[in-house]
Protein chains: 2
Amino acid sequence: MITNRNCIIRLSRYKNALYRLRDLGFVKVFSDNLADAIGVTASQVRKDFSLFGITGNRKGGYEIASLLEKLGGILGKDRVERVIIVGAGHLAYALMHYRGFEKEGIKIEAAFDIDPLKFAKNAQIPVLPIEEMKDFVVSNNVKVGVLAVPEIGAQRAADTMFAAGIKGILNFAPLRLKAPNDCTINNVNLEIELENLVYFVNILGKKGEDKI
Amino acid sequence: MITNRNCIIRLSRYKNALYRLRDLGFVKVFSDNLADAIGVTASQVRKDFSLFGITGNRKGGYEIASLLEKLGGILGKDRVERVIIVGAGHLAYALMHYRGFEKEGIKIEAAFDIDPLKFAKNAQIPVLPIEEMKDFVVSNNVKVGVLAVPEIGAQRAADTMFAAGIKGILNFAPLRLKAPNDCTINNVNLEIELENLVYFVNILGKKGEDKI
DNA sequence: ACTTTATTGTGATTTAATTCACAACAAGTT
DNA sequence: AACTTGTTGTGAATTAAATCACAATAAAGT
Ligand SMILES: NC(=O)c1ccc[n+]([C@@H]2O[C@H](COP(=O)([O-])OP(=O)(O)OC[C@H]3O[C@@H](n4cnc5c(N)ncnc54)[C@H](O)[C@@H]3O)[C@@H](O)[C@H]2O)c1
Ligand SMILES: NC(=O)c1ccc[n+]([C@@H]2O[C@H](COP(=O)([O-])OP(=O)(O)OC[C@H]3O[C@@H](n4cnc5c(N)ncnc54)[C@H](O)[C@@H]3O)[C@@H](O)[C@H]2O)c1
């Protein structure tokens with residue numbers, strides 16, 4: 001069981017690159033094409049595949065269609081993944097209006113909020129009272145949720161999600177959530193992303209100055 | 001010069017944990033407190049600090065105020081970082097209305113778009129025609145930008161940003177941007193984040209089944 | 001049929017990151 | 001003043017990840 005996050009992220013990138021190549025009319029691909037496409041070495045590509053038992057044809061490379069199928073299987077893209085959002089604020093609004101998830105087999109089914117002003121029972125993606133979350137999650141067998149409530153209420157909201165049966169949270173609130181250990185948290189911390197970017201811009205800037 | 005991204009991200013997390021501790025009234029902290037707070041080992045904390053020449057007091061731990069100052073210096077938080085957004089769509093709207101960046105010393109100064117319907121010259125954060133970006137970036141000495149345009153226009157928009165003098169891009173478009181090598185790209189790919197989450201939820205679920 | 005060429009698949013090696021382990025030492029205690 | 005305790009700081013050891021290197025081999029050419 002591979003638990004190297006970077007490795008799994010590379011699989012997603014291979015998949016995306018393969019979609020592009022396929023749509024361009026390509027049928028086969030070599031490890032070095034994929035390597036170029038996502039910016040890693042060709043051995044990294046082959047090693048990643050080897051880890052998951054994906055094989056190609058010596059001399060002949062890999063067949064794109066079959067590769068996509070295998071990667072899809074590993075990444076759970078063989079069926080549509082139903083997802084909910086908790087906290088129907090600005091960020092949720094952007095996510096709910098984004099068309100890009102569907103083509104990845106990710107379907108945002110509903111959002112939940114505490115603020116009655118946000119409720120929209122009959123919208124395309126309904127916004128429902130948080131009290132209805134548990135029933136919804138159970139009856140739709142939802143396993144993954146996005147957490148987009150303010151920091152102050154985030155841990156409590158997460159606990160409600162876990163209690164409802166959610167096993168994975170994509171967390172936008174800038175704190176470290178405590179979670180049961182059969183549950184996964186992926187954090188998207190935009191403050192930290194920007195701060196990190198600033199650091200690298202600064203050190204690259206300084207490196208430039210040194211050369212003078 | 002430390003270029004280990006995870007290490008720099010940990011510095012940000014230490015800093016955030018330290019803010020909390022300080023606001024709770026603490027004055028000193030030990031490496032194991034910080035370790036607990038962000039979920040790493042105490043040696044990791046000390047090693048990280050050691051790498052940047054940060055020292056504490058044997059037996060006495062670290063003084064929070066001085067630690068914050070040093071971390072701030074390393075992460076470039078000793079002054080406000082001016083940032084622009086290119087693409088004033090849904091995501092940009094969420095970012096522009098988010099109050100959380102300011103307390104981190106990150107100020108979104110303006111957004112730029114090609115769609116005249118989006119222009120808002122006199123808004124608190126103005127939305128301006130993309131043609132005005134270069135002047136703005138030069139005269140405000142902006143080094144960092146957020147890219148939030150659709151995938152199809154992303155590389156072109158990025159090139160315009162580089163030409164204007166931007167040295168770091170936080171990229172939300174789901175593609176790999178080509179960039180000059182004195183420039184840094186940090187990608188936030190939400191499709192991949194969700195896909196990754198689904199993978200880990202699936203394998204943890206399967207692990208559970210095995211035990212039966 | 002035989003040779004050349006191109007590419008995979010993976011064990012061995014290297015490099016990078018993390019953890020270990022403990023000497024150094026400051027602060028308190030007897 | 002000697003002893004105890006608790007914590008840092010870091011070199012050494014370990015672990016994890018990436019890269020190298022090349023045998024295996026399929027396809028194409030002669
Ligand atoms: N908007 C951004 O650009 C941005 C950037 C970085 C981080 N974040 C983080 O993302 C999260 C969401 O940000 P946002 O801008 O969308 O916030 P927002 O204030 O626009 O929306 C938050 C929503 O959550 C709802 N809510 C509050 N408590 C709740 C609860 N217990 N259960 C259900 N709903 C609840 C509120 O009614 C509101 O509708 C925050 O944690 C924020 O720190 C946002
Ligand atoms: N909204 C989301 O939740 C979400 C999720 C994942 C990824 N993304 C990615 O983030 C990016 C932005 O998403 P969004 O939902 O805000 O899109 P959006 O369509 O709401 O907004 C895009 C904006 O960019 C402007 N634009 C287009 N070309 C431009 C150019 N060359 N220069 C300047 N402006 C230009 C458009 O006029 C529009 O206002 C996209 O690449 C999208 O794939 C968004």
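In the text below, chain A, chain B and the rest are named by the order of the sequence lines, each starting its count at 1.
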*Between D:dG9 and B:N57, is there an OP1 or OP2 to side-chain N/O distance shorter than 4.0 Å?*
no
*In whole angstroms, how far is the P atom of C:dT19 from the CG atom of B:D48?*
10 Å
*asked:* With a 4.0 Å cut-off on N to O distance, would you call B:R20 and A:E151 a salt bridge?
replied: yes
_Interatomic distance where CD belongs to B:Q44 and C1' belongs to C:dT19 [whole Å]_ = 8 Å
*asked:* What I want to check is whether an N or O donor and acceptor connect the side chain of A:K47 with the base of C:dT10 at under 3.5 Å.
replied: no
*Would you mind telling me which of C:dT18, D:dA17, D:dG9 lies closest to the side-chain atoms of B:T55?*
D:dG9
_Out of C:dT8, C:dA6, D:dT8, whichever nucleotide has its closest atom nearest the side chain of A:S31_ = C:dT8
_Can you measure B:K28 atom NZ to D:dG6 atom P for me and round it to whole angstrom units?_
16 Å
*Can you figure out which of C:dG9, D:dT8, D:dG6 approaches the side chain of B:K59 most closely?*
D:dG6
_Could you tell me how far apart B:F49 (CZ) and D:dT7 (P) are, to the nearest whole angstrom?_
15 Å
*So, is B:S43 close to the C:dC20 phosphate, meaning a side-chain N or O under 4.0 Å from OP1 or OP2?*
no
*Distance, rounded to the nearest Å, where B:I54 contributes CD1 and D:dT7 contributes C1'*: 17 Å
*Of A:G60 and A:T3, whose nearest nucleotide on DNA chain D comes first from the 5' end?*
A:T3
_If I take atom CZ in residue B:F30 and atom C1' in nucleotide C:dC25, what distance separates them, rounded to the nearest angstrom?_
15 Å
*Could you tell me whether A:R5 contacts a base, only the sugar-phosphate backbone, or nothing, with contacts defined as non-hydrogen atoms closer than 4.0 Å?*
nothing
*Charged N to carboxylate O under 4.0 angstrom, B:R22 versus B:E63?*
no
*asked:* Could you tell me if B:N57 and B:K59 have a donor-acceptor pair between their side chains, going purely by distance under 3.5 Å?
replied: no
*May I ask you to verify whether the side chain of B:R58 and the base of D:dT7 hold a donor-acceptor pair under 3.5 Å?*
no
*asked:* D:dT19, OP1 or OP2 - any side-chain N/O from A:R46 closer than 4.0 Å?
replied: no
*Between D:dT15 atom P and B:N6 atom CG, what is the distance in whole Å?*
20 Å
*asked:* Using side-chain heavy atoms (C-beta onward) and a distance below 4.5 Å, is A:Y98 in contact with B:L91?
replied: no
*Verify ring-ring contact (aromatic ring centres under 6.0 Å, His included) between A:Y93 and B:Y93, making sure each step is shown before the conclusion.*
CA-CA 10 Å; A:Y93 187 85; B:Y93 186 85; 7.5 Å; no
*Using whole Å, report how far CG of A:D32 lies from P of D:dC20.*
14 Å
